[in-house]
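Written below as structure tokens is the structure these notes are about.
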Amino acid sequence: MQAWLCETLEGAEALHWRDLPTPEPGAGEVRIAIKAASLNFPDLLIVLGKYQFKPPLPFVPGAEFAGLIEAVGAGVGHLRPGMPVAAIAGTGGFATHAIVNASRVMPLPAGFALDDAAAFAFTYGTSHHALVDRAQLKAGETVLVLGAAGGVGTAALQIAKAMGARVIAAASTDEKCALCRELGADATINYTRENLRDALKTLTGGKGPDVVYDPVGGDLAEPAFRGIAWRGRYLVIGFAGGGIPALPWNLALLKGASVVGVFWGDFVQREPQASAAGLGQLAQWYTQGLIKPVIDQRLPMSELKAAYARMGTRQVRGKLLLVNG
Ligand SMILES: NC(=O)c1ccc[n+]([C@@H]2O[C@H](COP(=O)([O-])OP(=O)(O)OC[C@H]3O[C@@H](n4cnc5c(N)ncnc54)[C@H](OP(=O)(O)O)[C@@H]3O)[C@@H](O)[C@H]2O)c1
């Protein structure tokens, strides 16, 4: 097998494509021949040692991927060679093969494309947990999605629409805003050239959005929180902009609003049944055509460094795929 190996925490430029012995799965494990892996923002952080999860060196980055089961270890009953599967393994995806604990492997329903499966659970799982579970979003409510053309952003936009909400999508360029309108956004805000708070007032008749979905943080958080509706829910998803915002707490008091943390990875571990139910609903929505990953580019696995650079410079629209073969 071959894999991108992270041997020092110096970022994507220091990754090396290495030949490695093809490993056999141990008890409870399977070997997957990887067809496609997708890049998620945490993949940028993990090779810098800046992610919550810090695997020992050396490791193969790539949290999310899909492919075919190639070999099955002892005690694995429900997975067989040849089955198409998706995996959220935390690491191992930027390679030709991976050994994965069977509990992290999801068999794909008929008709679920491998490319889509490689770009699905991380972003849609996060956004479903955020909007359905944590925010208790209701049909007819208004959601503001920041960074709406990115991975979790496009998933949040599609899920909010599937739930009957009104979506205001906010992003940094007119091109990204146009993509969001194509995906069904009811209105868009280009926060590079528009004042976010003023635009929110205009678009909501002064009321503000009921839910704010924020994967960006930084300087956007305070104006977005100041603009939130009475009883609003502000979803803390991530800090792709780099800065962790510090908000004046009186703003929460004045709006009767909640700041709601979202940590999908821990949710999956701590509440596996609730997480599986969420993924089940998402698979149904996918089959019904209500949601579908937006594929920005499909690059050969050898182009991983270009993929990292594209995400690090805010060019990705939806999800970037790395494919084998
Ligand atoms: N809480 C959870 O459970 C959870 C789960 C998954 C991901 N996350 C977090 O969610 C965030 C987004 O992840 P993602 O995979 O969707 O990433 P992504 O596809 O790169 O989207 C991030 C968006 O953030 C905006 N952005 C602003 N400043 C940026 C900068 N300096 N560099 C890069 N992007 C910047 C960009 O939109 P504009 O150019 O339009 O501003 C970009 O589209 C990350 O912080 C990630 O760690 C959290």
Side-chain angles (χ1 to χ4, degrees), residues 11-12 37-48 50-53 61-64 88 90 93 118-135 144-159 168-180 183 185 188-194 196 213-221 223-224 234-245 259-271 275 278 293-297 307-321:
S38 71
L39 192 63
N40 288 287
F41 202 84
D43 296 317
L44 269 67
L45 302 176
I46 205 168
V47 297
L48 291 164
K50 291 185 178 171
Y51 193 50
Q52 294 102 327
F53 168 50
E64 177 172 32
I88 299 283
F120 193 77
F122 213 104
T123 45
Y124 286 91
T126 297
S127 296
H128 186 279
H129 173 48
L131 293 171
V132 177
D133 187 11
R134 302 295 285 127
L144 167 68
V145 180
L146 301 174
V152 294
T154 48
L157 192 171
Q158 292 181 0
I159 288 171
I168 300 173
S172 63
T173 68
D174 288 343
E175 291 72 23
K176 288 184 175 183
C177 288
L179 168 70
C180 293
L183 294 175
T188 55
I189 301 171
N190 175 338
Y191 44 61
T192 305
R193 56 176 180 75
E194 290 178 75
L196 182 62
Y213 181 98
D214 181 7
V216 183
D219 295 340
L220 290 177
Y234 194 102
L235 294 165
V236 181
I237 308 294
F239 315 104
I244 297 182
V259 177
V260 184
V262 176
F263 189 178
W264 182 66
D266 255 33
F267 167 64
V268 173
Q269 299 300 320
R270 290 168 186 264
E271 302 179 45
S275 159
V294 177
I295 304 301
D296 172 68
Q297 286 189 356
Y308 266 90
R310 192 167 164 78
M311 181 169 273
T313 51
R314 298 168 78 166
Q315 295 179 67
V316 178
R317 293 168 208 182
K319 296 279 293 177
L320 252 179
L321 281 186

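All heavy atoms count here, side chains included; hydrogens, waters and symmetry mates do not. Order of appearance sets the numbers: ligands from 1, and atoms from 1 within every ligand.
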Around [atom], find the nearest protein heavy atom and jot down its residue, atom name and distance.
atom                    : answer
atom 29 (C) of ligand 1 : A240 O, 3.3 Å
atom 17 (O) of ligand 1 : F41 CB, 3.4 Å
atom 5 (C) of ligand 1  : T126 OG1, 3.1 Å
atom 25 (C) of ligand 1 : V216 CG2, 3.9 Å
atom 6 (C) of ligand 1  : F122 CE2, 3.4 Å
atom 3 (O) of ligand 1  : W264 N, 2.7 Å
atom 21 (O) of ligand 1 : G150 CA, 3.7 Å
atom 36 (C) of ligand 1 : K176 NZ, 4.0 Å

Is any side-chain heavy atom of [X] less than 4.5 Å from a side-chain heavy atom of [Y]?
X    : Y    : result
L44  : Y308 : yes
L220 : L196 : yes
F239 : V216 : no
F263 : H129 : no

> Taking W264 as the fixed residue, which of I237, T126, V152 is the one that meets the side chain to side chain contact (heavy atoms under 4.5 Å, CB included) rule?
Replying inline: T126
> With respect to D296, which candidate in K319, R310, Q315 satisfies the side chain to side chain donor-acceptor pair (under 3.5 Å) definition?
Replying inline: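 The passing option is R310.
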> Of the choices S172, P215, A148, which has the non-hydrogen atom that lies closest to atom 40 (O) of ligand 1?
Replying inline: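 Shortest heavy-atom distance from atom 40 (O) of ligand 1: S172.
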> Out of D266, I237, V236, T154, whose heavy atom is nearest to atom 8 (N) of ligand 1?
Replying inline: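 Closest candidate by heavy-atom distance is I237.
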For [X], counting its heavy atoms only, list the atoms of ligand 1 lying under 4.0 Å from any of them.
X    : result
F239 : 45 (O)
R314 : 26 (N), 27 (C), 28 (N), 29 (C), 30 (C), 32 (N), 33 (C), 34 (N), 35 (C), 38 (P), 39 (O), 41 (O)
V262 : 1 (N), 2 (C), 3 (O)
A171 : 40 (O)
G151 : 16 (O), 18 (P), 19 (O), 21 (O)
Y191 : 37 (O), 38 (P), 40 (O), 41 (O)
F263 : 3 (O)

> How far does OG1 of T188 sit from CG of L183, to the nearest 0.5 angstrom?
Replying inline: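 That separation rounds to 11.5 Å.
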Side-chain donor/acceptor of [X] to backbone N/O of [Y], under 3.5 Å:
X    : Y    : result
T313 : A309 : yes
E64  : F120 : yes
N40  : D43  : no

> Can you check whether T123 has an N/O within less than 3.5 Å of an N/O in ligand 1?
Replying inline: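 Not met; the criterion fails.
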>> Quick one, Y213 with S127, criterion side-chain hydrogen bond (donor to acceptor under 3.5 Å, both in side chains). Give me CA distance, side-chain angles, the key distance, then yes/no.
In response: CA-CA 9 Å; Y213 181 98; S127 296; 2.7 Å; yes
>> Can you confirm whether D219 is buried at CG, in the sense that more than 12 heavy atoms of other residues, nucleotides or ligands lie under 6.0 Å from that atom?
In response: no
>> Side chain, backbone, both or neither: which applies to V152 and ligand 1 if a contact is any heavy-atom pair less than 4.0 Å apart?
In response: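 The answer is both.
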